[in-house]
K.L.:
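Next up is a structure, given as structure tokens.
Any value given below was found using the heavy atoms of this structure, including those in side chains, with hydrogens, waters and symmetry copies removed. One-based numbering, in listed order, for ligands and for the atoms of each.
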Amino acid sequence: MTEARTPILTPDTAAIAQAAETLRTGGLVAFPTETVYGLGCNATDGEAVARVFAAKDRPRFNPLIVHVQDTDAARNIVIFNDTADRLTEAFWPGALTLVLPRRDDRVSLLVSAGLETLAIRTPDHPVAQALLVESGLPIAAPSANRAGRISPTAAGHVVFSLPGSADGGPTIILDGGPCRVGVESTVVDLSGDAPTLLRPGGVAQEDIEACIGPLAQPSASDDETPKSPGMMDRHYAPELPLRLVATEPRPGEVLLGFGPDAPEGAINLSPSGDLGEAAANLFSMIRALDGPPFTGIAVMAVPDVGLGRAINDRLRRAAQMVDD
Ligand code: TXA
Ligand code: MG
């Protein structure tokens with residue numbers, strides 16, 4: 001294995017042009033979104049999509065999210081319905097992904113792992129927007145981390161988590177600083193009878209329900225063939241065991257606090273108890289604590305409301321440590 005360092009570029013005009021050209025010629029670009037960093041490729045180029053799976057070392061072809069510039073671009077690719085109209089008006093650009101029937105086969109079938117639907121969103125980040133506009137492409141992008149690991153919320157995390165460009169990783173990484181939201185987008189399936197929450201994320205379930213009414217949960221019978229493999233347990237695993245709803249650390253553990261009740265001096269997701277701040281800190285703090293001298297991470301309780309649901313969802317998965 002060569003040890004080629006992938007260049008991390010300040011996203012000026014020249015870097016955006018270079019990134020767009022990389023996408024057009026089948027290469028991979030890691031880029032910031034408001035949720036987490038994505039590992040992007042041209043969604044219409046099946047070979048480029050396959051390189052994304054390879055770079056992530058994904059055990060199977062989980063379907064990817066297609067990023068588009070705006071609602072018009074989305075309508076070109078998927079078939080909208082009334083609910084999609086209302087949700088995109090309220091939450092796009094933003095951390096909401098919609099699953100809708102695909103229009104045709106222009107977007108590679110590998111993107112959706114053979115499904116007749118596509119997951120699609122318009123990111124609210126100037127660098128992601130600039131890349132979409134400059135390339136003129138729909139960009140398929142999972143989070144820019146090795147499969148099963150926590151998502152990157154800073155450019156440095158990407159280097160840490162993915163192979164270098166000479167070994168199948170991204171050709172360049174655009175540095176947009178730390179991600180504002182810090183957890184992945186909420187995924188809502190609008191392709192079935194009832195809008196269904198496939199993955200809690202950066203837009204709160206309550207806010208979506210205020211817009212379109214109650215969301216259904218995936219039925220238990222879907223377990224055999226999960227519609228959103230992102231819901232499978234093994235995602236987001238750190239190296240160290242994670243213990244939830246902790247009040248104090250046991251020997252060897254480091255405490256990851258939340259709110260004003262955390263002991264003085266503890267690393268704290270949000271000293272004031274702000275769930276948005278906690279989401280933005282979640283992955284980078286776990287990453288920073290994930291190794292010696294600690295032998296475990298004890299996480300204090302986070303309230304299960306609003307963005308707290310997405311945080312707890314990620315924490316529960318991280319705590320499972322199920323082996324593949
Ligand atoms: O915030 C985000 O969503 C980030 C940034 C980069 O946009 N992306 C991200 O992608 O988290 P990824 O690949 O790690 O997660 C995509 C999620 C998975 O849970 C996947 O199963 C689901 O979306 N998904 C994709 N296409 C789907 C489809 N056609 N039907 C159901 N679920 C789908
Ligand atoms: Mg991911």
Side-chain angles (χ1 to χ4, degrees), residues 28-41 43 49 52-53 55-68 77-79 91-102 107-125 127-129 131-132 138-153 157-158 161-162 170 174 176 179-192 195-203 218 222 225-237 279-280 283 310 313-314 317-318:
L28 311 188
V29 173
F31 65 99
T33 82
E34 73 278 28
T35 57
V36 300
Y37 276 69
L39 178 63
C41 71
V49 178
V52 166
F53 286 113
K56 282 182 65 84
D57 204 9
R58 272 206 172 173
R60 54 186 91 66
F61 288 153
N62 293 348
L64 308 179
I65 294 170
V66 178
H67 299 70
V68 290
I77 290 174
V78 292
I79 301 166
F91 300 109
W92 279 16
L96 176 65
T97 294
L98 301 179
V99 174
L100 289 162
R102 55 158 73 224
V107 167
S108 161
L109 278 170
L110 187 52
V111 166
S112 54
L115 295 173
E116 288 306 314
T117 53
L118 277 176
I120 197 158
R121 85 175 181 104
T122 293
D124 179 26
H125 191 293
V127 175
Q129 276 288 333
L131 187 58
L132 286 163
I139 300 177
S143 48
N145 53 279
R146 242 176 75 95
R149 297 298 173 188
I150 55 182
S151 295
T153 53
H157 299 165
V158 178
S161 196
L162 289 179
L174 295 174
C179 297
R180 176 170 57 80
V181 177
V183 289
E184 300 87 344
S185 60
T186 305
V187 181
V188 175
D189 186 357
L190 299 180
S191 69
T196 303
L197 180 68
L198 295 184
R199 179 176 77 178
V203 172
D222 285 348
T225 50
K227 287 200 80 176
S228 193
M231 308 212 30
M232 285 182 305
D233 286 337
R234 224 186 131 259
H235 275 232
Y236 316 107
F283 292 140
D313 171 76
R314 304 305 185 271
R317 287 171 211 283

K.L.:
Does a side-chain heavy-atom distance below 4.5 Å link L174 with P32?
P.N.:
yes

K.L.:
Restricting to non-hydrogen atoms, name the atom on T186 and the atom on G202 that form the minimum distance, rounded to 0.1 Å.
P.N.:
OG1-N, 3.3 Å

K.L.:
Is there at least one pair of N or O atoms, one from T97 and one from ligand 1, spaced under 3.5 Å apart?
P.N.:
no

K.L.:
May I ask you to list the atoms of ligand 1 that are less than 4.0 angstrom from any heavy atom of A141?
P.N.:
6 (C), 8 (N), 10 (O)

K.L.:
From the options T117, D189, L100, select the one whose nearest heavy atom is closest to atom 29 (N) of ligand 1.
P.N.:
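It is T117 that holds the nearest heavy atom.
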
K.L.:
Consider every N or O of R199 and every N or O of ligand 1, then say whether any pair is closer than 3.5 Å.
P.N.:
yes

K.L.:
Restricting to N/O/S atoms, is S151 within less than 2.8 Å of the Mg ion (ligand 2) or not?
P.N.:
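S151 does not place any N, O or S atom closer than 2.8 Å to the Mg ion (ligand 2).
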
K.L.:
Going by heavy-atom distance to atom 10 (O) of ligand 1, choose the closest among A144, P142, A95, G201.
P.N.:
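Of the listed residues, P142 has the closest heavy atom.
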
K.L.:
Which bit of E184 gets closer than 4.0 Å to ligand 1, counting heavy atoms only: side chain, backbone, both or neither?
P.N.:
both

K.L.:
Can you name the closest pair of heavy atoms from L109 and L115 and give their distance?
P.N.:
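Where L109 meets L115 most closely, the heavy atoms are CD2-O, 4.3 Å.
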
K.L.:
Any idea which heavy atoms bring P170 and A30 closest together, and the distance?
P.N.:
CB-N, 3.9 Å

K.L.:
Against heavy atoms of H67, which atoms of ligand 1 measure under 4.0 Å?
P.N.:
5 (C), 6 (C), 7 (O)

K.L.:
For ligand 1, does L115 get within less than 4.0 Å through its side chain, its backbone, both, or neither, judged by non-hydrogen atoms?
P.N.:
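Answer for L115: side chain.
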
K.L.:
Taking only residues two or more places apart in sequence or in another chain, which ones pass side-chain hydrogen bond (donor to acceptor under 3.5 Å, both in side chains) with S185?
P.N.:
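With sequence neighbours excluded, S185 shows a side-chain hydrogen bond (donor to acceptor under 3.5 Å, both in side chains) to T97, R199, given in chain and number order.
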
K.L.:
Of all the atoms in ligand 1, which lie at a distance below 4.0 Å from a heavy atom belonging to I65?
P.N.:
3 (O), 8 (N), 9 (C), 10 (O), 16 (C), 23 (O)

K.L.:
What's the shortest heavy-atom distance between K56 and P142, and which atoms?
P.N.:
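Heavy atoms only, the tightest pair is CD-CG, 3.3 Å.
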
K.L.:
Could you tell me whether S112 and ligand 1 have an N or O pair separated by under 3.5 Å?
P.N.:
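No - when backbone and side-chain N and O of S112 are compared with those of ligand 1, no distance drops under 3.5 Å.
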
K.L.:
Quick check for you: to the nearest 0.5 Å, what is the distance between F283 atom CZ and R314 atom CZ?
P.N.:
5.5 Å

K.L.:
I'd like to check the side-chain hydrogen bond (donor to acceptor under 3.5 Å, both in side chains) partners of T33; sequence neighbours left out, ordered by chain and number.
P.N.:
T35, R121

K.L.:
If hydrogens are left out, which of L39, V99, T186 has an atom nearest to atom 30 (N) of ligand 1, that is, the closest non-hydrogen atom?
P.N.:
V99

K.L.:
Is there a donor-acceptor contact under 3.5 Å linking the side chains of E184 and S143?
P.N.:
no

K.L.:
With respect to atom 33 (C) of ligand 1, which of S185, S191, P63 exhibits the smallest heavy-atom separation?
P.N.:
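When every heavy atom of S185, S191, P63 is considered, P63 comes closest to atom 33 (C) of ligand 1.
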
K.L.:
Show which atoms of ligand 1 fall inside a sub-4.0 Å distance from at least one heavy-atom site of R121.
P.N.:
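This gives 1 (O), 5 (C), 7 (O) as the contact atoms.
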
